[in-house]
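Please read the structure below before turning to the comments.
The structure displayed is predicted, hence computed values, not measured ones. All chains are named by letter (A, B, ...) in the order of the sequence lines, taking the proteins before the strands, and each is independently numbered beginning at 1.
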Amino acid sequence: MARRGLRTPVPDVAALSSFLVSAVGLAVPLALAALGETVSQRAGVINIGLEGSVIWGALGGALGSLAGGGYAGLLAGALAGGAAALVFAVFAVRLNTDQIITGTAVTIGSLGFTGALYQSRFGVTGVALELETLPAWELPLLSRIPVVGPALFDQALTAYLVYVMVPLLAWLLFRTRWGLALRAVGESPEAAHAAGVPVVRTRMLAAVFAGLMAGLAGAHLSLVHTGTFAENMSAGKGFIAIAVVVLGRWRPAGVLAAALFFGGAEALQFALQAFDADLPYPLFLALPYVLSLAALAGWFGRSRAPEGLALPWPRRGH
Amino acid sequence: MSDQSGTPRVRADLRPALGAAAALLATMAIAAALLALGGHSPAVAFGALARGAFGSWHNFISVTLVQATPLLLTGLAVALAFKARVWNIGAEGQLHAGALAGVAVAVSVPASSAFLLLPATLLAAAAAGALWASVPAAMKTRMGVGEVITTLLMNFVALFLAQFLVHGPLRESRGVFNQTDAIPAAAQLPTLIPGFRLHLGFLIGILIAVALWLYLARTPGGFRIRAVGASPRAAEVSGRFRTTPVIWRAFLVSGAIAGLAGWIQVSGITHRMYEGLSPGWGYTAIAVALLARLHPLAAVLTAIVFGALSAGGGAMQREAGVPDVWVRGIEALVILAVLTVDRVLQTIDRRAARGSPRAAHSRA
């Protein structure tokens with residue numbers, strides 16, 4: 001506190017501001033996918049196939065954008081991600097196969113089949129696709145707020161979707177009968193079933209919703225973040241989103257904060273890499289995962305997964 | 001479901017094999033349809049794949065079996081854990097932990113005798129894998145935190161730890177690439193047949209498979225793992241034994257075997273550790289274990305099936321122009337087919353047992 005004035009603070013503010021822009025941009029796909037997964041997990045369905053929905057969203061976004069422009073790409077990405085999740089849900093919810101194993105299969109298969117589709121369309125070596133990126137919408141006044149303004153209010157549509165979704169989902173999950181029924185399905189499918197809640201239908205819808213959101217996250221990667229598509233470009237974002245849900249304690253606002261934290265760690269890595277290659281930046285990247293484990297262990301207060309998470313319904317007899 | 005928890009000699013022994021065969025056939029049919037849809041000839045693609053995997057002794061021994069080795073070890077790790085209903089999807093992380101520990105010992109301990117160095121590195125790898133599995137084990141048994149999420153999170157911690165170590169403390173002394181120094185000859189697993197790349201690690205995998213089979217089928221400890229896997233609550237309520245130590249053992253042994261998988265790959269093939277050592281063996285291992293119906297001996301066969309898929313993928317791309325990423329799609333189809341066949345068999349069982357087509361909702 002005591003000593004300042006030797007260095008002018010202006011360049012630091014600029015650096016901080018550009019760091020925040022990068023952090024929010026990296027957090028948006030994580031937040032989108034994790035918000036969807038929050039709903040899914042609240043209904044008792046853990047979708048490890050989320051990574052598959054993200055990569056389908058990225059490819060769907062690219063193909064849709066080539067066919068009908070950026071916003072058509074966004075829609076196509078969401079639908080592609082939702083379709084992958086529908087495959088998952090048909091097996092894991094309707095056929096009641098193991099959620100973990102099914103989700104793993106969907107992820108492995110999605111990485112394979114998106115690659116196959118991409119190569120059949122653009123050749124085995126793959127051309128560098130140049131997609132039109134979605135424009136940033138600069139909100140008047142709000143984007144002028146010092147430091148945080150440009151980071152929060154000069155972003156593409158996907159960021160604003162996150163801002164809308166967080167309060168909307170919080171309200172739906174915790175303030176409506178619909179949300180109560182969904183959480184009941186996740187906590188105790190037996191009780192929900194006895195109370196007349198359609199367990200299977202609720203879980204199907206929740207899982208597909210998670211896929212749609214993860215598809216948007218993938219479309220963000222190809223249409224906002226990079227302007228291209230590359231095989232495996234989801235790069236674990238779907239898995240990270242599951243960690244984000246955990247760190248965010250299965251609540252939309254917490255999930256947003258956790259996504260910003262993960263995005264911040266990634267942005268910090270890029271900043272540090274440019275600044276000094278000798279810094280142990282992989283450890284920064286590991287930090288959010290360690291903190292997620294700590295959160296599960298209860299270091300930040302009570303935090304637990306929905307009681308019925310990943311459990312089959314109807315229960316298999318044994 | 002009594003036929004699944006009995007001794008391995010019962011009459012129903014053939015059923016898992018038939019189920020697996022049905023799943024493989026279904027996979028091939030669907031893959032053929034998809035290949036045709038993608039504008040490829042299924043016959044040409046499958047032919048190239050089979051030739052690449054089995055077309056010559058070199059292809060089979062130096063490529064297919066070499067690819068099968070890490071899949072066998074991680075597959076056994078997953079099978080044992082799943083047998084105890086421990087959903088360890090952290091084999092990928094445990095594999096990296098094992099590889100790192102093995103390399104660290106190999107490049108830092110100044111021993112010139114393979115009789116000392118090899119066992120030391122194998123022990124270090126197994127211990128590191130078990131250590132990596134112990135975190136989710138502790139969180140499950142002490143805090144009731146499900147292992148699915150924790151093992152998954154631990155995978156990422158291991159990957160970044162590996163990245164950190166090969167960029168920093170364990171980086172090669174030349175300082176050119178982000179990889180470790182080559183391990184000394186005394187830490188390298190010998191090849192099995194002169195002129196072929198196949199190494200002792202494959203034999204180690206088979207020995208572990210036999211040991212696990214004997215352990216599960218013939219020992220009280222193995223019985224407990226099967227009992228906990230069949231029904232954790234029933235095992236606890238029976239009062240004969242406590243389930244916590246059984247769950248711990250499943251985690252630790254599973255982690256140790258996965259740890260060995262990583263180091264054995266480095267010691268037998270790559271001789272260095274680098275980022276991206278594994279193309280996801282820890283996840284493919286789930287398919288290996290599942291297709292083997294969690295049976296350790298069957299896992300030897302299914303690991304070779306998946307080894308052949310990955311070995312044949314390259315040939316498929318070169319000779320038939322089918323991108324080798326198709327192989328990953330086929331892996332996923334295998335898993336889904338096995339799950340479906342399972343459900344169909346269970347449904348048939350239930351209907352036969354109860355004589356009623358709609359009994360699914362009667363249990364809670």
Taking every non-hydrogen atom, the tightest pair across [X] and [Y]:
X	Y	result
A/Ala105	B/Ala332	O-CB, 3.1 Å
A/Gly236	B/Phe156	O-CZ, 4.4 Å
A/Gln41	B/Ile149	OE1-CD1, 4.5 Å
B/Met139	A/Ala297	CE-N, 3.7 Å

> Between B/Leu153, B/Thr150, B/Val135, B/Thr340, which residue shows the highest count of heavy-atom pairs closer than 4.5 Å to chain A?
Replying inline: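 The answer is B/Leu153.
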> Looking at B/Arg328, B/Arg142, B/Glu331, B/Met154, which one has more heavy-atom pairs under 4.5 Å with chain A than the rest?
Replying inline: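 Heavy-atom pairs under 4.5 Å are most numerous for B/Arg328.
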If we define contacts as heavy-atom pairs under 4.5 Å, which of [options] has the most with chain B?
options	result
A/Thr107, A/Val245, A/Leu283	A/Leu283
A/Ala116, A/Ala243, A/Gly115	A/Ala116
A/Leu309, A/Ile100, A/Thr114	A/Ile100

>> Evaluate B/Ile335 against A/Ile101 for side-chain contact (heavy atoms from CB on, under 4.5 Å), listing each step before the verdict.
In response: CA-CA 8 Å; B/Ile335 302 179; A/Ile101 297 168; 3.5 Å; yes
Inter-residue atom distance [X].[atom1] - [Y].[atom2], 0.5 Å rounding:
X	Y	atom1	atom2	answer
B/Trp87	A/Thr104	CH2	OG1	10.5 Å
B/Leu37	A/Ser120	CG	OG	10.0 Å
A/Ile108	B/Ile286	CD1	CD1	7.0 Å

With a 4.5 angstrom heavy-atom cut-off, could you sort out which part of [X] is near chain A: side chain, backbone, both or neither?
X	answer
B/Leu152	side chain
B/Leu34	side chain
B/Ile89	side chain
B/Leu159	neither
B/Leu290	side chain

> Can you tell if the side chain of B/Asp342 reaches within under 4.5 Å of the side chain of A/Thr97, non-hydrogen atoms only?
Replying inline: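 No. Closest side-chain heavy atoms not under 4.5 Å.
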Under 4.5 Å from any heavy atom of chain B - which part of [X]:
X	result
A/Leu287	neither
A/Ile46	side chain
A/Ala310	neither

Please tabulate, for side-chain N and O atoms in residues 88-95 of chain A, each donor-acceptor pair with protein atoms closer than 3.5 Å (sequence neighbours left out).
none

>> Parallel, tilted or perpendicular, judged at 30° and 60°: which one describes the rings of A/Phe113 and B/Trp326?
In response: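 A/Phe113 and B/Trp326: perpendicular rings.
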> Excluding sequence neighbours, so at least two apart, what forms ring pair (Phe, Tyr, Trp, His ring centres under 6.0 Å) with B/Phe306?
Replying inline: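 Expected list: none.
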>> Could you go through B/Asn155 and A/Tyr289, starting from their C-alpha distance and side-chain angles, then the distance that decides it, and tell me whether this counts as side-chain contact (heavy atoms from CB on, under 4.5 Å)?
In response: CA-CA 9 Å; B/Asn155 285 347; A/Tyr289 297 93; over 6 Å; no
